[in-house]
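Working notes for the structure below.
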Amino acid sequence: LHNYCSKHRRCQAVAEVQRFMRILETHVQGNCKARELKKRDKVLLSLKAIGNAGLAAGTLIPTLSKCVQSHTNLLQVRLAAVYAFRRIPCDFDRTALVQLYLTMGEDAELRIAAYSILMKCPSEQLFEIVGLTLRKERSSQ
């Protein structure tokens with residue numbers, strides 16, 4: 001899907017792509033709630049597929065954001081949701097990742113993952129955010 005969308009910038013408008021992305025979205029059920037093993041595996045696999053989709057996954061940013069922000073989700077699921085942003089183009093909304101990075105009380109591994117994905121799309125504004133955050137940072141990781 002990523003290769004197809006790399007060659008067809010309007011892939012999000014293709015019915016088959018939309019159908020596939022809707023299937024993945026139903027697997028994560030809007031917020032990635034997954035407590036039992038079978039469901040968790042399905043959510044994790046779907047998040048990996050969303051991350052592989054790249055441009056086609058842009059429509060799922062609100063869903064990914066909910067998955068990232070939900071403190072009731074398992075750490076493993078939240079991390080997978082962060083990494084699902086990895087191929088989504090830089091001009092898409094990454095506010096959930098910025099908020100996650102800025103929240104000092106969040107798990108360090110989660111914040112580092114958000115930082116890593118955010119830095120794939122560096123900007124002057126992001127550098128300012130990082131600089132301000134580093135001045136207040138409590139974690140040595």
Side-chain angles (χ1 to χ4, degrees), residues 1-134 136-141:
L1 188 56
H2 173 67
N3 289 337
Y4 176 79
C5 288
S6 294
K7 294 179 178 100
H8 303 90
R9 295 296 292 170
R10 306 246 330 121
C11 72
Q12 293 171 302
V14 176
E16 291 81 4
V17 172
Q18 291 174 348
R19 191 170 23 252
F20 180 68
M21 297 312 294
R22 275 194 304 272
I23 290 168
L24 293 175
E25 187 173 26
T26 60
H27 288 197
V28 298
Q29 298 181 347
N31 60 7
C32 299
K33 296 285 183 250
R35 287 291 173 203
E36 62 269 2
L37 183 63
K38 187 175 180 181
K39 186 169 184 218
R40 185 188 68 214
D41 288 345
K42 191 176 204 177
V43 167
L44 290 171
L45 190 60
S46 297
L47 288 169
K48 185 159 181 79
I50 291 167
N52 288 338
L55 178 62
T59 59
L60 298 184
I61 288 177
T63 299
L64 292 176
S65 296
K66 288 177 190 171
C67 295
V68 165
Q69 293 167 335
S70 177
H71 290 93
T72 59
N73 285 339
L74 299 169
L75 176 62
Q76 182 182 20
V77 170
R78 292 179 75 197
L79 280 168
V82 169
Y83 287 118
F85 279 88
R86 72 186 179 281
R87 285 187 169 172
I88 295 175
C90 293
D91 56 334
F92 283 77
D93 181 28
R94 293 169 182 274
T95 305
L97 297 181
V98 172
Q99 290 172 347
L100 180 62
Y101 171 70
L102 288 172
T103 306
M104 303 275 180
E106 285 287 1
D107 181 271
E109 185 178 5
L110 204 50
R111 292 183 64 223
I112 291 168
Y115 171 83
S116 174
I117 298 301
L118 285 168
M119 289 313 257
K120 289 180 184 260
C121 302
S123 67
E124 192 171 319
Q125 181 184 12
L126 182 57
F127 289 136
E128 288 177 25
I129 290 169
V130 170
L132 291 171
T133 305
L134 287 174
K136 298 183 281 183
E137 189 61 58
R138 295 182 307 230
S139 174
S140 60
Q141 295 193 16

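Since the model is a prediction, treat every value here as computed from it, not as a measurement.
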- Task: Drop me the distance from K38's NZ to D41's CG, to the nearest 0.5 angstrom.
- Result: 10.0 Å

- Any side-chain heavy atom of I129 sitting closer than 4.5 Å to one from Q125? yes

- Message: Using every non-hydrogen atom in the two residues, find where L126 and P122 come nearest and quote the distance to one decimal.
- Response: CD2-CA, 4.2 Å

- Message: Keeping N73 on the side-chain end and C67 on the backbone end, is there a donor-acceptor pair under 3.5 Å?
- Response: yes

- Query: Rounded to the nearest 0.5 Å, what separation is found between the CG atom of L24 and the CD1 atom of I50?
  - Reply: 5.0 Å

- Distance-only, no hydrogens or angles: does the R87 side chain make a donor-acceptor pair with backbone N or O of N52 under 3.5 Å? yes

- Query: When you measure from the side chain of S116 to the backbone N and O of I112, does any donor-acceptor pair fall under 3.5 Å?
  - Reply: no

- Message: To the nearest 0.5 Å, what is the distance between NE2 on H71 and CG on L110?
- Response: 8.0 Å

- Task: Please report the closest heavy-atom contact between P62 and T59, naming both atoms and the distance.
- Result: CD-O, 3.6 Å

- Query: Is the backbone N or O of K33 less than 3.5 Å from a side-chain atom of K39, with the two atoms forming a donor-acceptor pair by type?
  - Reply: yes

- Thinking salt bridges, do E106 and R78 make one under a 4.0 Å N-O criterion? yes

- Item | T26 side-chain N/O to Q29 backbone N/O, donor-acceptor pair under 3.5 Å | no

- Query: Which atoms form the tightest heavy-atom contact between L1 and A53, and what is the distance?
  - Reply: CD2-CB, 3.6 Å

- Separation between CG of L64 and CZ of F92, rounded to the nearest 0.5 Å: 11.5 Å

- Item | Heavy-atom pair with the smallest gap, counting every atom of C32 and V43 | CB-CG1, 4.0 Å

- Message: Set out, in order, the CA-CA distance, both residues' side-chain angles and the distance that settles side chain to side chain contact (heavy atoms under 4.5 Å, CB included) for M104 and T133, then state yes or no.
- Response: CA-CA 9 Å; M104 303 275 180; T133 305; 3.9 Å; yes

- Exam field: side chain Q12 to backbone L55, donor-acceptor pair closer than 3.5 Å: yes

- Message: A side-chain contact here means heavy atoms from C-beta on lying under 4.5 Å apart; do M119 and Y101 qualify?
- Response: no

- Non-hydrogen side-chain atoms of V77 and L74 separated by less than 4.5 Å: yes

- Item | Atom CZ of R35 with >12 non-hydrogen neighbours under 6.0 angstrom | yes

- Value for CG (L132) from CZ (F127), rounded to nearest 0.5 Å, stands at 13.5 Å

- Indicate the atoms forming the closest heavy-atom contact of H27 with S46, along with that distance. CB-OG, 3.0 Å

- Query: What do the steps show when you test C90 against K120 for side chain to side chain contact (heavy atoms under 4.5 Å, CB included), and what is the final call?
  - Reply: CA-CA 8 Å; C90 293; K120 289 180 184 260; 5.7 Å; no

- Item | Distance-minimising heavy-atom pair for L47 and A80 | CD1-CB, 3.7 Å

- Query: How many angstroms lie between CD in Q76 and CD in E109, if you round to the nearest 0.5 Å?
  - Reply: 10.0 Å

- Short side-chain to backbone donor-acceptor contact, R111 and L102, under 3.5 Å: no

- Are any non-hydrogen side-chain atoms of I88 and F85 less than 4.5 angstrom apart? yes

- Query: Taking atom types as modelled, is there a side-chain donor on Q69 or Q99 under 3.5 Å from an acceptor on the other?
  - Reply: yes

